[in-house]
Structure formats: C-alpha cells, structure tokens
Student: 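Sending over a structure as structure tokens; questions will come in a sec.
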Amino acid sequence: MGHGGDVIDELVTDHREVEEIFGRIESLPSGDKDRKVYADQATMELVRHSVAEEAYLYPAVREHLVNGNTMADREIEDHSKAERIMKDLEGCEAGDPEFDRLITMLMSEIRSHIADEEENLFPQLRVACPADALNDLGDKVRMAKKVAPTRPHPAAPDTPPANKLLAPGAGLIDRLRDALTGRGKHG
C-alpha cells in the first residue's frame, strides 16, 4: 500500500500491482471463483489509488501544468467511469455471465488510464513540479491510501475539499465491512 519514493514512483508501483492482479484474473478460466477474489483485490487497490490521486495528484496537476485543469478533469472522468464499472462488478459473482464483460471493461479502462498517466501526465509533472514537492506528494498519497475507502462510491465527491473530508469515514466503514466479510481474501 505504501512503497516509498516520490508521488510518481508511488503511483507507478501501484499501477504495476494492479496489472499483476489483472494478469492473475486473465490466467484463470471463466467462472473460477478466484476471479472474484482477485477482482475484489483490484477494486480495493484501485479505489484507494483513485482517492489518493484525486486528493493530492490532480490538484498538483492543476497547479503545475499549463493544461492542468483539462488533464485533471479528464483523469477524474476516467476514474468515474471505472468506479461505475467496479460498482456493477461488486454485485456479480465469478459465475455470473455479466462478470466477464464487466471485468474486461474494467481492465481495458484502467489500462488505458494507466498508459495516459505514464506516457503524458507523469512526464510533464516530473518536469514542471519541483522534486521536493513530488516527494511531499508521495508522502501525502501514502497517507491517503491508508485511510481511503476500499469500495466504489460513485456518488461521493471526487475533488477537494469534500473528498478529503469524507474519504476517511467511508474508508473506516469499508475496511470494517471487508474484515467482517473476508472480502479480497482467498477462502
């Protein structure tokens, strides 16, 4: 959940972890119950990652990049699409015919989003933002991921300050629900 380094290094490591989970899903046959376990794990990681980006990365993008508002708005829209897919996926079991369609949509959406961030946004931010600010953002993102929700909340605010105020409470409730149900754990 926390890897160290500046914000870009932290988020790229998150990307690799999610891609690894996607690979596990793709390696299993359709209907395998572990596909749901891995989908839940991916959702948990993606929601924490998205909440942290929306709280800290995208405000920095708006501040430091010439076209930052447009870029941040596009990234937040990507998050909203993915969150709606994750919410639908949450209600499906691995054997549900809708599961395969939704997980394929989610993986496609996330892979496209990752490519855009890593090929466009991150390189621009690395040039425009001072190294100490990137390091500070890395620390803030790590802290945000520790208290962030683990379930999709499509109706929740996705821009500061409301997202920073509401995320810790939703995160606490989500983590309690996950602990009680064993969500994201192999049975």
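Predicted model, so just to flag it, every value in this text is computed and none were measured. The figures here come from the full heavy-atom set of this structure, side chains too, leaving out hydrogens, waters and symmetry mates.
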Student: Are Leu28 and Val18 joined in one hydrophobic group, where the rule is that I, L, V, M, F, W and Y side chains link up if heavy atoms are under 4.5 Å apart?
Tutor: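 Both belong to a single hydrophobic cluster.
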Student: Any donor-acceptor pair under 3.5 Å linking the side chain of Ser112 with the backbone of Ser108?
Tutor: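 Flag not set: sc Ser112 to bb Ser108 has no pair under 3.5 Å.
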Student: Any side-chain heavy-atom pair from Glu63 and Cys129 closer than 4.5 angstrom?
Tutor: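 No, their side chains stay 4.5 Å or more apart.
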Student: Looking at Ile21 and Tyr38, what are the two nearest heavy atoms and their distance?
Tutor: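 Taking every non-hydrogen atom into account, CG2-O, 3.2 Å.
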Student: Minimum heavy-atom separation for Tyr56 to Val141, with atom names?
Tutor: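 Here Tyr56 and Val141 meet closest at CB-CG2, 4.1 Å.
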Student: What closest approach, in Å, do Leu121 and Met71 show between heavy atoms, and which atom pair accounts for it?
Tutor: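 That closest heavy-atom pairing would be CA-CE, 3.6 Å.
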Student: Taking Arg111 as the fixed residue, which of Glu117, Glu119, Glu26 is the one that meets the salt bridge (charged side-chain N to carboxylate O under 4.0 Å, His left out) rule?
Tutor: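 The option that passes is Glu26.
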Student: Backbone N or O of Val37 within a donor-acceptor pair of the Asp34 side chain at under 3.5 Å?
Tutor: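 No.
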Student: Run the salt-bridge test on Asp40 and Lys36 with the 4.0 Å N-O cut-off and return the result as yes or no.
Tutor: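 Salt bridge: yes.
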Student: Is the shortest side-chain N to carboxylate O distance from Arg48 to Asp14 below 4.0 Å?
Tutor: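 Looking at Asp14 together with Arg48, the answer is no, because their closest N to O distance does not fall below 4.0 Å.
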Student: Check this for me, if you would: do Glu20 and Arg16 make a salt bridge, where the nitrogen-to-carboxylate-oxygen distance has to be below 4.0 angstrom?
Tutor: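 Salt bridge flag = no for Arg16 with Glu20.
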Student: Any carboxylate oxygen within less than 4.0 angstrom of a Lys/Arg side-chain nitrogen, looking at Arg35 and Asp100?
Tutor: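 Yes, this pair counts.
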Student: I'd like to know if the side chain of Ser50 and the backbone of Val47 have a donor-acceptor N/O pair within less than 3.5 Å.
Tutor: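 Pair absent, no side-chain N/O of Ser50 close to backbone of Val47.
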Student: In terms of side-chain geometry, is the basic nitrogen of Arg101 or Glu98 positioned less than 4.0 Å from the acidic oxygen of its partner?
Tutor: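 The answer is yes: the pair qualifies as a salt bridge.
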Student: Between Glu75 and His79, does any side-chain donor sit less than 3.5 Å from a side-chain acceptor?
Tutor: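 No donor-acceptor contact under 3.5 Å links the two side chains.
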Student: Got a donor-acceptor contact below 3.5 angstrom from the Arg126 side chain to the Leu134 backbone?
Tutor: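 Side chain of Arg126 to backbone of Leu134: no pair is present.
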Student: Using a strict threshold of under 4.0 Å (side-chain N to carboxylate O), is an ion pair present between Asp136 and Lys140?
Tutor: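 Yes.
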Student: Any Lys/Arg nitrogen of Glu90 or Lys87 sitting under 4.0 Å from an Asp/Glu carboxylate oxygen of the other?
Tutor: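 A salt bridge links Glu90 with Lys87.
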Student: Decide whether His49 and Glu53 meet the rule of one side-chain donor and one side-chain acceptor closer than 3.5 Å.
Tutor: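 Judged by distance alone, the side chains do pair up.
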